[in-house]
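Labels below follow one simple rule: chain letters A, B, ... track the order of the sequence lines, proteins then strands, and each chain is numbered from 1. Computed from a predicted model, the values in this text were never measured in an experiment.
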There are 2 protein chains.
Amino acid sequence: MIGRGQTGNAKLVKHINREGILHQLRENPRVSRADLAKLTELSRPCVSALVDEMIVEGMISEVGLGESKGGRKPILLEYNFQAYGVIGAVFEGSTLQLAIADLKGELLIQRTTCLPHPMNGETAIQSIEQGLAALLNESGFDKARLLGMGLGLPGITQRSEGTVSYAPSTGWMGLPVRKEIEAALGLPVVIENDVNLMTLGEFHKGIGVGHSNLVYMYAGTGIGAGIMIDGQLYRGAKEASGEIGYMVIGPVGNQTKGEYGVFERNYSVRAIREKAKAVLPSMDEGSSIVKQIVDQANNGVEAAQALLDDICRHWTYGIANLTSVMDPALLILSGEMLHIGNEGIHKIQQWLTDWVPSVPRIEMASLGDQAGLIGAIHCALEAFPSTSKLQR
Amino acid sequence: MIGRGQTGNAKLVKHINREGILHQLRENPRVSRADLAKLTELSRPCVSALVDEMIVEGMISEVGLGESKGGRKPILLEYNFQAYGVIGAVFEGSTLQLAIADLKGELLIQRTTCLPHPMNGETAIQSIEQGLAALLNESGFDKARLLGMGLGLPGITQRSEGTVSYAPSTGWMGLPVRKEIEAALGLPVVIENDVNLMTLGEFHKGIGVGHSNLVYMYAGTGIGAGIMIDGQLYRGAKEASGEIGYMVIGPVGNQTKGEYGVFERNYSVRAIREKAKAVLPSMDEGSSIVKQIVDQANNGVEAAQALLDDICRHWTYGIANLTSVMDPALLILSGEMLHIGNEGIHKIQQWLTDWVPSVPRIEMASLGDQAGLIGAIHCALEAFPSTSKLQR
DNA sequence: ATTAAGTTAGTTAAAATGACTAACAAAGTT
DNA sequence: AACTTTGTTAGTCATTTTAACTAACTTAAT
């Protein structure tokens, strides 16, 4: 056999060019070969060859003719978004969100279920299994067309090992989560930290679209951040990046290993509820605690105003620290920070202007409690490209 | 003419492979074509062809035969480190460090000069011009063989514009620094933040060698950090990443824009000197302030012990915040932090273990006040590869 | 309405490039 | 003499490029 099977970087270029064409087709629906040649800076014959190849493989389709711009009508091409699908799943407290999406990342069907109490590894996996079966059944989606699952978990997830290495509040620590779920479903699985997935969600489908360098900050039951650099999640050496709940903000106290972080212990929802007891006449456990404080502050209750100021101030400490280190182009705020109102935002921006040299553009998260789920979808899409199924 | 001049990614592979070979030659001096084939995972004929090409171009030389390992003796190859050179320059307070180095980054000649007072743009450029002329004269290095200059400046440098966008303590802000120096020297120049260059220095020649993900923390006249991700400096959206002097640590006070950062105002050398007045019987302005405090603490002076504890504690706040965000594999401490002693280091590590979930390996900087200069050299080497001169 | 000229889209053919395998020569060692 | 290791030569394959088409359409003068 002669000249077969290049081992080095020889095959790389074709792969890059194919991915480039696919990328453009994902971004710009209904374009011609000629358009693709311009967009990818490849020659027209080369694009034609690669496109024809991918049409045969079923990844792309010709979908009729476009308008002439003074010459022959272009043959419009489209990515076959429906060819395969992925699953997104997010464990958040006591609920499990599940969804099936197409290759575009559009949700086809979605469900939120409450988990049985007490939860352990087995029941959790059972929930996923049953939930997925229900989704497949209801949507009529063929399981054979699923590429894999993106799974969001709280705590520090070890993507390559498929385990959770640090999560004081859950019972997942150390378990071979990924392997067990893969065995149960018969599908490949990636796991990822929940806040990282929210970041990914906002990046792909939310307010972060088009911003390849951004930081996402979440303040809720926990406090965390997600970091995107050059369109990639930055995970750090032990995948513990963005764990800003462990910043030293507020009283340090007798902090020892295994507990929540200092910032989190002082300014997460849990902590704020405690502080608010003295301020609110009656507390509604169901609705946003910050909103209740803001309402009281607007009613003229001075103690509420002071507490709100204190909360905003310390959250801004976190933002200032985060932006000092990262200098992102865009900062997305989410969780309970969504309820601080215009006055709160204004305060934060004023403080930042006073404290740091480079204030990023600040936006509120736009996807609500869907962010993580949408991120899980895109995490799966990145981990299991449709080519993986085709190249067998 | 047919089939000439590919515009797309066609030439990319060859470039990657050539760079791969050069990289191996920089790392492993005196290797054969066969060794390179193994190291780069390319075929022997391919390596031979690329090597021959680069020998003609003058980048590589054959330097005799090696020992036989049971067959024909290998022809050893070497990167022509001496073919070209670069200049490194660092402005630090009132001194200017200048050096010429070869393509390996080895300093050939070096000089530190005091700047005339008061300094302004013109005198600074004059100093560089005169200093470089002296270096060239003394070393006999041919100016035509210089590829360019890497220049380190305090403050937030705008690499692409060649200006300094934020530096309260110097008069550089807004000036077209790079253009003016390029015009004066007739050589291309890159500017970069001083702490980033120290980071680069430690990465290439210091304790950070082999660690492509690290964070460097400097506490001296100012406080700052440098971040390396995948062997690249991370600069942020407005090149203000790592400006941790602006973290909110210690009393906030009446901070408004234009002043130094909160952390810097509370725990830089300037601030510590102020605090130490009450503790030290007499202060030596020339030597390390932290060392003086440590000495007094070791003498049993309780106030000094308390101050040292306070300083270490707050520096650790900064470290905790930094590592919470970045989760680096390695953290390098420098500046006055070098003088805290073993007890201080032990304290820091204990606190970190208590506060954050992922404690990085911590090392002391190893290059002393050469770090920035060495970084400037490597900055220039990255910005102006020797191929830039050859490809004319 | 016809027709020529110009444009745009897509294909075909030939050349160029760069990497690979196979086979061999050169120069050793055991 | 037999094996090894290094380096080269020759031939092949994959991929992309340029150049030169064909196809199909628009514009506008005749």
field: Distance, rounded to the nearest Å, where E41(B) contributes CD and dT21(C) contributes C1'
entry: 17 Å

- prompt: Between L65(B) (CG) and dG28(C) (C1'), how many Å, whole number?
  reply: 11 Å

message: Counting distance alone, no hydrogens or angles: does the base of dG10(C) have a donor or acceptor under 3.5 Å from a partner atom on the side chain of R44(A)?
response: yes

field: Length of the CG-P vector between L36(B) and dT6(D), whole Å
entry: 11 Å

message: Looking at dT26(D), I'd like to know if its phosphate oxygens (OP1 or OP2) sit under 4.0 Å from a side-chain N or O belonging to R72(A).
response: no

task: Rounded off to whole Å, could you give me the CZ-to-P distance for the R33(A) and dT22(D) pair?
output: 20 Å

- request: Examine dG18(C): is either OP1 or OP2 under 4.0 Å from a nitrogen or oxygen in the side chain of N17(B)? Give yes or no.
  value: no

statement: Rounded to whole Å, CG of L76(B) lies from P of dT6(D) at a distance of 11 Å

message: I want to confirm an ordering. Mapping A49(A) and G71(A) to their closest nucleotides on DNA chain D, which one lands closer to the 5' end?
response: A49(A)

- prompt: Is the backbone of A376(A) close enough, under 3.5 Å, to the side chain of E192(A) for a donor and an acceptor to pair up by distance?
  reply: no

task: Whole angstrom is fine here: how far is it from CG in D52(A) over to P in dA9(C)?
output: 16 Å

- prompt: Under 3.5 Å, side chain of Q158(A) to main-chain N/O of E239(A), donor-acceptor pair present?
  reply: no

message: Quick one: does any side-chain atom of S212(B) pair with a main-chain N or O of D230(B) as donor and acceptor, under 3.5 Å?
response: no

- request: Return the value, rounded to whole Å, for the distance between atom CG of D35(B) and atom P of dT4(D).
  value: 18 Å

task: Please determine, for the side chain of P74(A), which listed nucleotide (dA9(C), dT17(D), dT8(D)) has the closest atom?
output: dA9(C)

query: Distance check: side-chain N/O of S48(A) vs OP1/OP2 of dG10(C), anything under 4.0 Å?
result: no

statement: P45(A) has its side chain closest, among dT16(D), dG10(C), dA13(C), to dA13(C)

- line: Rounded to whole Å, CD1 of I75(A) lies from P of dT8(C) at a distance of 17 Å

task: Would you confirm whether Q82(B), through its side chain, and D102(B), through its main-chain N or O, come within 3.5 Å as a donor-acceptor pair?
output: no

query: So does S43(B) get a side-chain nitrogen or oxygen closer than 4.0 Å to the phosphate oxygens (OP1/OP2) of dC20(C)?
result: yes

query: Would you say dA27(C) has OP1 or OP2 under 4.0 Å from some side-chain N or O of K73(B)?
result: no

query: Does D35(A) use its side chain to pair, donor to acceptor, with the backbone of S32(A) at less than 3.5 Å?
result: yes

field: Presence of K14(B) side-chain N/O under 4.0 Å of dT16(D) phosphate oxygens OP1/OP2
entry: no

- request: Answer yes or no: does a side-chain N or O of S68(B) lie under 4.0 Å from OP1 or OP2 of dT4(D)?
  value: no

